[in-house]
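This structure is a prediction, so every number in the text was calculated from the model and none was measured.
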Amino acid sequence: MSDNDGKKTLGVRGGGARSGSVKQSFSHGRTKNVVVETKRKRVVVPKPGAGSGAGGGKGGQVGGSGGKRPAGISDAEMGRRLKALQAAKAREAEETAKREAEEKARAEERERLRAEKEQKEREQREAEEALKRKAEEEERKKREAEDAAKAAAAAAAQPAPKADDQARAKPKKEEAPRRTPDRDDQKSGRGGRGRGDGGRRSGKLTLNQALSGGEGGRQKSLAAMKRKQERARQKAMGGQQSREKVTRDVKLPEAITVAELANRMAERVGDVVKALMNNGIMATQNQSIDADTAELIIEEFGHRVQRVSDADVEDVIKEVEDKAEDLQPRPPVITIMGHVDHGKTSLLDAIRDAKVTAGEAGGITQHIGAYQVKTESGAVLSFLDTPGHAAFTSMRSRGAQVTDIVVLVVAADDAVMPQTVEAINHAKAAKVPMIVAINKIDKPSANPTKVRTDLLQHEVIVEELSGDVQDVEVSAHTGQGLDELLEAIALQAEILELKANPNRAAEGAVIEAQLDVGRGPVATVLVQRGTLRQGDVFVVGEQYGKVRALINDKGERVKEAGPSVPVEVLGLNGTPEAGDVLNVTETEAQAREIAEYRANLAKEKRAAAGAATTLDQLLQKAKEDENVSELPVIVKADVQGSSEAIVQALEKVGNDEVRVRVIHYGVGAITETDVGLAEASGCPVIGFNVRANAPARNAANQKGVEIRYYSVIYDLVDDVKAAASGLLSNEIRENFIGYAQIKEVFKVSNVGKVAGCLVTEGVARRSAGVRLLRDDVVIHEGTLKTLKRFKDEVAEVQSGQECGMAFENYDDIRPGDVIEIFERQEIERSLD
């Protein structure tokens with residue numbers, strides 16, 4: 001905009017039509033005062049710092065004293081200040097509008113919440129009124145039902161028509177005054193405390209009271225009302241009919257709580273406690289009573305008793321007879337038995353084409369080995385190789401218990417030995433067929449005929465002597481007769497028709513068990529029935545576990561093992577006993593429960609066997625312990641069967657004076673704990689095919705505990721027997737060397753009485769012992785104080801010569817007495 005004087009004017013408008021305008025004039029490069037126009041008036045604002053004067057009037061200008069703007073304020077600065085002022089006014093207008101909008105929204109929200117609250121309270125009041133009406137309706141129906149029951153009872157008791165009419169008319173008279181207060185209460189809003197209400201409710205009805213039926217108590221069910229009506233009807237008909245007694249079979253363990261007994265009988269606990277009190281037993285519901293007392297209470301209540309015990313946990317592994325259609329052929333199990341060094345293992349080696357004896361100490365089989373052999377004809381045979389030493393009797397007996405056929409190996413150059421007879425007895429006890437293998441037939445001194453005749457003494461009659469026992473002449477060295485032996489085994493197996501059911505839970509016998517350093521407890525199991533698979537949960541003796549791996553006799557891992565298959569089982573929690581039965585269970589909990597029950601049972605048996613129960617037994621045990629010397633030992637072996645066999649052999653060592661006591665035996669390496677026990681007991685540690693670890697060796701050196709290692713059981717038993725022989729007291733033997741007769745008695749000063757004797761037999765010695773016999777009765781026993789021949793002291797006097805004798809500390813000697821001269825000799829004893 002411009003004016004007539006050539007001045008330039010810059011106009012700025014903002015805020016719409018209603019806002020003012022700001023004009024700034026420039027004249028000759030000098031800024032004038034700022035003119036601000038508003039809607040109603042026009043104000044001239046001086047520049048800041050322009051002057052101190054002020055003035056103005058209606059439509060006039062306000063300027064500085066000199067009308068000039070001071071230096072330092074530029075046009076740009078003036079523009080920025082005007083823009084800031086305009087922005088502040090705009091923000092103030094926006095905030096005012098925003099506050100008004102928020103106030104309006106809050107007012108609307110408060111109005112909405114108030115409306116919702118009123119609606120909710122109205123609905124709640126309606127619901128309470130509906131519940132109240134429902135409760136009153138139910139109460140009315142209940143009263144009508146009670147009145148009907150009373151009317152029925154009155155009708156049954158008074159069948160006369162007039163009384164019946166009165167009974168029907170009476171509820172109608174009483175019904176009117178009962179309903180009137182309810183209607184009045186509904187109109188007045190009171191809680192129903194009017195006359196005729198009977199104090200049914202007091203105060204205001206709450207929601208909980210309405211839902212629970214009246215005063216907050218539990219409302220009777222329809223069944224309870226029907227039972228009440230039935231009891232009233234029966235009572236009106238002439239007495240209540242008793243319910244029929246339900247007789248139950250109550251399972252009764254060794255001990256049971258009173259509450260559990262009542263639960264199993266379906267009787268009230270109070271009745272059971274009362275019955276116990278009547279029998280003189282004060283017991284609460286949480287106390288336990290014994291089985292005999294519980295049986296009396298059960299019979300008193302009219303129930304039947306079924307006694308059970310803790311052993312019922314083993315019911316899950318009860319033997320189930322297999323059906324004939326489920327049975328399938330299985331390989332035979334052959335046990336090789338016989339005497340030591342008769343060639344049992346060598347014979348099996350020849351069949352297996354293996355060299356097992358090379359790994360055995362001294363060429364003697366120390367363990368039970370289980371192998372499977374496939375013949376040229378395709379038949380599969382399972383062999384058990386049992387040791388032949390006498391110490392392994394129990395191991396051989398276990399081999400006979402799981403076997404189908406026994407191969408009795410007898411050396412042709414030897415005779416029937418004690419262990420051969422033992423093997424025959426085991427086979428007869430197991431009632432299994434026997435095949436005699438006469439081994440070492442290739443030796444020049446072989447005499448098979450003598451072997452056959454010797455077997456006759458033990459009721460073993462071979463086929464060559466018209467018997468029913470097969471005999472085969474074989475040679476493990478040359479292989480002679482091996483085919484005939486396998487053919488005989490196959491023939492015998494075919495006659496037996498061996499079958500088993502592979503499609504069932506596995507069951508087997510532990511042939512051997514050991515504690516492997518890297519694999520833990522390992523058991524050699526011969527599966528007898530079913531199929532043992534990887535992952536099966538099983539219990540074996542006092543141990544249980546889960547099959548982690550199955551390893552066959554060749555060292556290969558297999559997934560499953562069927563009947564007559566020997567395998568090594570990994571995954572046990574402990575080392576079982578050789579001969580324990582393995583059973584597969586459904587769950588691990590069952591296996592653990594059975595194992596714990598068996599362990600507790602074995603512990604109780606051991607405690608009962610080791611404890612003296614009566615005073616006589618205590619005195620007898622104390623007397624035996626006083627008179628008997630013991631050699632305590634600790635035995636550690638590589639496998640369970642060997643340790644058990646060693647313990648049995650050592651227990652047989654001894655007599656009435658000396659015995660060997662095994663205070664501890666186990667499987668695995670000798671540990672520091674074993675050394676500590678040996679030090680406390682003062683006994684040595686015997687290791688059979690095991691060694692002591694480094695801490696155990698250091699502890700043994702520090703504590704002076706002796707550790708002996710053995711690999712052959714002969715040496716072990718012989719050394720222990722020699723050590724036990726050292727505990728025997730030496731045997732004292734008396735040798736009579738002469739007799740002398742007293743002819744006269746002389747009294748010598750400083751000596752006492754001296755007997756003048758004649759040596760009638762043998763010789764009299766100064767160092768020997770003497771007995772004084774009077775009428776063939778011993779009246780004194782002692783030693784000689786002096787022995788003289790004439791005046792000289794001599795060492796001995798021969799028969800037929802005279803001498804003088806004086807007794808040590810004894811003077812009662814008479815002519816005619818006989819002196820018996822003897823010598824004592826100590827002889828060392830040994831255990832045979």
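In the displayed structure, H664 atom NE2 is contacted under 6.0 Å by more than 12 heavy atoms of other residues, nucleotides or ligands.
In terms of heavy atoms, I461 sits closest to S466 at CG2-C, 4.3 Å. Shortest non-hydrogen contact noted between V472 and A488 is CG2-CB, 4.2 Å. In terms of heavy-atom proximity, A350 sits nearest to L482 at CB-CD1, 3.6 Å. Closest of all the heavy-atom pairs between P331 and V380 is CB-O, 3.2 Å. The heavy-atom pair separating N552 from E556 by the smallest distance is OD1-N, 2.8 Å. Between V705 and A678, the shortest heavy-atom contact is CG1-CB, 3.6 Å.
Note that CD of E593 and CD of E588 are 13.0 Å apart. Values are rounded to the nearest 0.5 Å. A distance of 13.5 Å separates CD in Q470 from CG in L408, rounded to the nearest 0.5 Å. Taking CD1 of I489 as the reference point, atom CD1 of I334 lies at 5.0 Å (rounded to 0.5 Å). For the atom pair CG of L465 and CG of L456, the computed distance is 5.5 Å after rounding to the nearest 0.5 Å. Rounding to the nearest 0.5 angstrom, the gap separating the CG atom in L650 from the CD atom in Q648 is 10.5 Å.
Taking the side chain to side chain contact (heavy atoms under 4.5 Å, CB included) definition, one finds that A637 meets it with S642, S643, F688, sequence neighbours left out.
The residue from D719, V720, I634 that alone fulfils the side-chain contact (heavy atoms from CB on, under 4.5 Å) condition with I686 is V720.
At distances below 3.5 Å, not a single donor-acceptor pair connects side-chain atoms of D414 with backbone N or O atoms of A411.
Each salt bridge (charged side-chain N to carboxylate O under 4.0 Å, His left out) pair with one or both residues in residues 329-338, not counting sequence neighbours, appears once here: R330-D404. Residue pairs satisfying the side-chain hydrogen bond (donor to acceptor under 3.5 Å, both in side chains) criterion with at least one member in residues 530-540, sequence neighbours excluded, are listed as follows: R533-E560. Pairs engaging residues 460-487 under the salt bridge (charged side-chain N to carboxylate O under 4.0 Å, His left out) rule: R452-E464, R452-D471, R452-E473 [sequence neighbours left out].
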Could you give the side-chain donor-acceptor pairs of residues 694-703 under 3.5 Å, partners two or more places apart or in another chain?
{"unit_1": "R697", "atom_1": "NH1", "unit_2": "A692", "atom_2": "O", "d": "2.6"}
{"unit_1": "N698", "atom_1": "ND2", "unit_2": "A694", "atom_2": "O", "d": "3.3"}
{"unit_1": "N701", "atom_1": "ND2", "unit_2": "R697", "atom_2": "O", "d": "3.2"}

Show me the donor-acceptor pairs, under 3.5 Å and distance only, between side chains in residues 433-446 and residues at least two apart or in other chains.
{"unit_1": "N439", "atom_1": "OD1", "unit_2": "A476", "atom_2": "N", "d": "3.2"}
{"unit_1": "N439", "atom_1": "ND2", "unit_2": "H342", "atom_2": "O", "d": "3.2"}
{"unit_1": "N439", "atom_1": "ND2", "unit_2": "G343", "atom_2": "O", "d": "3.3"}
{"unit_1": "K440", "atom_1": "NZ", "unit_2": "D341", "atom_2": "O", "d": "2.8"}
{"unit_1": "D442", "atom_1": "OD1", "unit_2": "S475", "atom_2": "OG", "d": "3.0"}

Residues V540, Y544; criterion side-chain contact (heavy atoms from CB on, under 4.5 Å); working and verdict: CA-CA 6 Å; V540 50; Y544 70 96; over 6 Å; no

side-chain contact (heavy atoms from CB on, under 4.5 Å) between I670 and N693: does it pass, once the steps are laid out? CA-CA 6 Å; I670 299 172; N693 53 28; over 6 Å; no

Can you list the steps and then say if R598 with E542 is a salt bridge (Lys or Arg N to Asp or Glu O under 4.0 Å)? CA-CA 5 Å; R598 291 177 177 176; E542 301 174 22; over 6 Å; no

Pair L455, T453 - check side-chain contact (heavy atoms from CB on, under 4.5 Å), show working. CA-CA 5 Å; L455 290 174; T453 54; over 6 Å; no

Decide yes or no on side-chain hydrogen bond (donor to acceptor under 3.5 Å, both in side chains) for Q640 and E577, but give the supporting numbers first. CA-CA 6 Å; Q640 185 70 34; E577 299 286 339; 3.1 Å; yes

Before you tell me yes or no, could you show the steps for L570 and I551 under side-chain contact (heavy atoms from CB on, under 4.5 Å), namely the whole-Å CA-CA distance, both residues' side-chain angles and the distance that decides it to 0.1 Å? CA-CA 8 Å; L570 279 69; I551 302 174; 4.1 Å; yes

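Under a 4.0 Å N-O distance rule, the pair E568/R519 qualifies as a salt bridge.
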